[in-house]
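What follows is a set of notes on a single structure, which appears directly below.
Just so it is clear, the values below take in all heavy atoms, side chains as well, and ignore hydrogens, waters and symmetry mates. Indexing begins at 1, ligand by ligand and atom by atom, following the structure's order.
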Amino acid sequence: MANTILIGAQWGDEGKGKVIDFLTEEADVVVRGQGGNNAGHTVIVGTEKFTLHLIPSGIMHPGKRCVIGNGVVLDPVALLKEIDGLLARGVAVTGENLQVSETAHLVMPYHRWLDARRETGEGGVKIGTTKRGIGPTYGDKIARVGLRVCDLMRPEIFQKKLAARIADLPEEALATGEFDAATIAAEYLAAGERLKPFVANTVLSLDAVRKAGSSMLFEGAQGTFLDIDHGTYPYVTSSNTTAGGATTGCGIGPQRMDRVVAVAKAYTTRVGEGPFPAEDQALSDRFHGMGREFGSTTGRARRCGWFDTVMTRFAVVVSGVDTLAVTNLDGLDDLAEVKICVAYDLHGTRLEMPPACIEDWADCTPVFETLPGWQTSTEAVRHYDALPENARRYVERICELSGAPPFLVSVGPARDATIRL
Ligand code: IMP
């Protein structure tokens, strides 16, 4: 398989875990280059459900190597918990099949506190974050005061840098008594000790993989509209979730990438605050009533709406998407009609692409095209031609309007509930 970048085309939760799991069959190495344990990828193996937050889902495939790249923000305690959880369920995790970049930044306890405070702080914008400390960790990275995995490998340096960061915390944080340098250092350094076998210069190890002719899959976390540059700012995460994030976040030149796959749900969902033009309360109620659309990281009910091709059209442009994977098609199975958002109306002007300002996003109303539903279960369908004609028409129409052809349609959570075109 060629080197593939996989991204989410919407606001995350597109079902990337399953598509990654599927593409991993053809890859030798699976790499993550951004985000942290704010992500949650669900993989169903047989009757067992695995939710991964930091470790690439390739770990579920014996013989594949997984890499956590330099662009990821890493909570070492959370990573160990994830490793231990997998080990307890019989999944092998060793220095052979998991590598962690020595230059990845560390999520510290005070990052989580700052994240939570910003969410409740007066005068600030409530983003609806996962409260995993992601924004403040990337903030420290950009401000050049972050702590990294390589620091964790050198206790003296780690303790010195940690003391400096704690001294710099706001009074209010210090007053909580939660940020004692010695206590944090003890917990983190113990985690660091256990993580040692996994730590590597992943830029060089990935280059060696490439030179050996092995293929790599770069799994994106979150989605295009949570991208710090291209998303619905400020209602975004703090990393580049679009295709470019894979090259900087893993240390690989863009010319080494062969294709970009975007995953889009057959409708749209979002967790957290921020505008959502194609949102539909009745659709949300329907999915929640079916027990669908609850977040895998925070358990929050996702907001739901119709498929929005203004978003996916832009996602295709911004990441140079070659092909689309459409997931959760079965979620629409029993509807008499399905709507597609084909454009936005902004104060009487028709927009084919999203606006820049969040205030304009909030004022956009959807322009819908309505198609007949198929009212037949697609869950057992395994061949594209066997899909009901109206379901095929729907898939083809959303892909046509988005500007990229479909290569895969998912009709259920199980590994085999997948139709390859
Ligand atoms: P943060 O990444 O925790 O800072 O949260 C920023 C925004 O991104 C919030 O709206 C979160 O709900 C959203 N977000 C972060 N990670 C994910 C994800 O994996 N799926 C969906 N939304 C996410």
Side-chain angles (χ1 to χ4, degrees), residues 6-20 32-43 51-57 68 71-75 78 82 105 107-108 110-121 124-142 219-242 245 249 262-265 267-276 279 284 287 292-305 311 315 327-328 358 361-362:
L6 180 137
I7 56 138
Q10 295 154 325
W11 277 297
D13 305 321
E14 294 93 349
K16 293 183 295 296
K18 185 183 150 174
V19 182
I20 291 161
R32 252 192 82 178
Q34 47 75 224
N37 61 336
N38 50 347
H41 286 171
T42 305
V43 185
T51 303
L52 299 158
H53 299 284
L54 273 164
I55 302 177
S57 29
I68 297 178
V72 169
V73 288
L74 191 104
D75 179 334
E82 205 166 309
H105 276 251
V107 179
M108 305 298 296
Y110 47 82
H111 290 135
R112 280 192 299 275
W113 184 88
L114 288 164
D115 195 0
R117 194 194 57 161
R118 278 180 201 164
E119 285 289 284
T120 51
V125 184
K126 185 177 187 304
I127 306 292
T129 73
T130 59
K131 299 204 177 88
R132 299 293 190 274
I134 306 300
T137 307
Y138 278 114
D140 275 2
K141 172 177 176 173
I142 301 301
E219 65 162 72
Q222 292 88 40
T224 299
F225 291 87
L226 291 173
D227 185 284
I228 186 77
D229 284 276
H230 304 291
T232 44
Y233 189 90
Y235 301 99
V236 292
T237 190
S238 298
S239 63
N240 283 115
T241 60
T242 45
V263 185
K265 224 176 234 176
Y267 43 92
T268 312
T269 63
R270 134 164 250 179
V271 275
E273 309 295 321
F276 183 170
E279 187 167 18
S284 293
F287 285 130
R292 292 175 88 118
E293 301 309 340
F294 293 94
S296 50
T297 299
T298 58
R300 290 180 288 178
R302 297 175 184 142
R303 298 156 62 191
C304 305
M311 292 173 62
T327 64
N328 291 62
I358 200 67
W361 265 100

Ala362: partners by side chain to side chain contact (heavy atoms under 4.5 Å, CB included), with sequence neighbours left out: Pro275
Contact check, [X] vs ligand 1, heavy-atom distance below 4.0 Å:
X	answer
Gly128	yes
Trp11	yes
Gln222	yes
Ala39	yes

Trp361 side chain near Tyr235 side chain, heavy-atom distance below 4.5 Å: no
Show me the side-chain donor-acceptor pairs of residues 124-131 shorter than 3.5 Å, one per line, residues at least two apart or across chains.
| unit_1 | atom_1 | unit_2 | atom_2 | d |
| --- | --- | --- | --- | --- |
| Thr129 | OG1 | Asp115 | OD1 | 3.0 |
| Thr129 | OG1 | Lys131 | N | 3.0 |

Pick whichever of Asn37, Thr129, Asp13, Asp115 has a heavy atom sitting closest to atom 4 (O) of ligand 1.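 The option holding the nearest heavy atom is Thr129.
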For the residue pair Phe225 and Trp11, categorise the inter-ring angle as parallel (less than 30°), tilted (30 to 60°) or perpendicular (more than 60°). perpendicular
Can you list the steps and then say if Gln34 with Ser239 is a side-chain hydrogen bond (donor to acceptor under 3.5 Å, both in side chains)? CA-CA 6 Å; Gln34 47 75 224; Ser239 63; 3.0 Å; yes
side-chain hydrogen bond (donor to acceptor under 3.5 Å, both in side chains) between His105 and Asp140, intermediate numbers included: CA-CA 9 Å; His105 276 251; Asp140 275 2; over 6 Å; no
Considering all heavy atoms, the nearest Lys16-Gly220 contact: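 Scanning both residues completely, I find the closest heavy atoms to be CE-O, 3.3 Å.
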Show the atoms of ligand 1 that are less than 4.0 angstrom away from any heavy atom in [X].
X	value
Gly272	10 (O)
Arg300	11 (C), 12 (O)
Ile127	6 (C), 10 (O)

Counting non-hydrogen protein atoms only, what is the nearest one to [atom]? Give residue, atom name and distance.
atom	answer
atom 6 (C) of ligand 1	Val236 O, 3.3 Å
atom 23 (C) of ligand 1	Leu226 CD1, 3.6 Å
atom 3 (O) of ligand 1	Thr130 OG1, 2.6 Å

Is the shortest side-chain N to carboxylate O distance from Arg132 to Asp75 below 4.0 Å? no
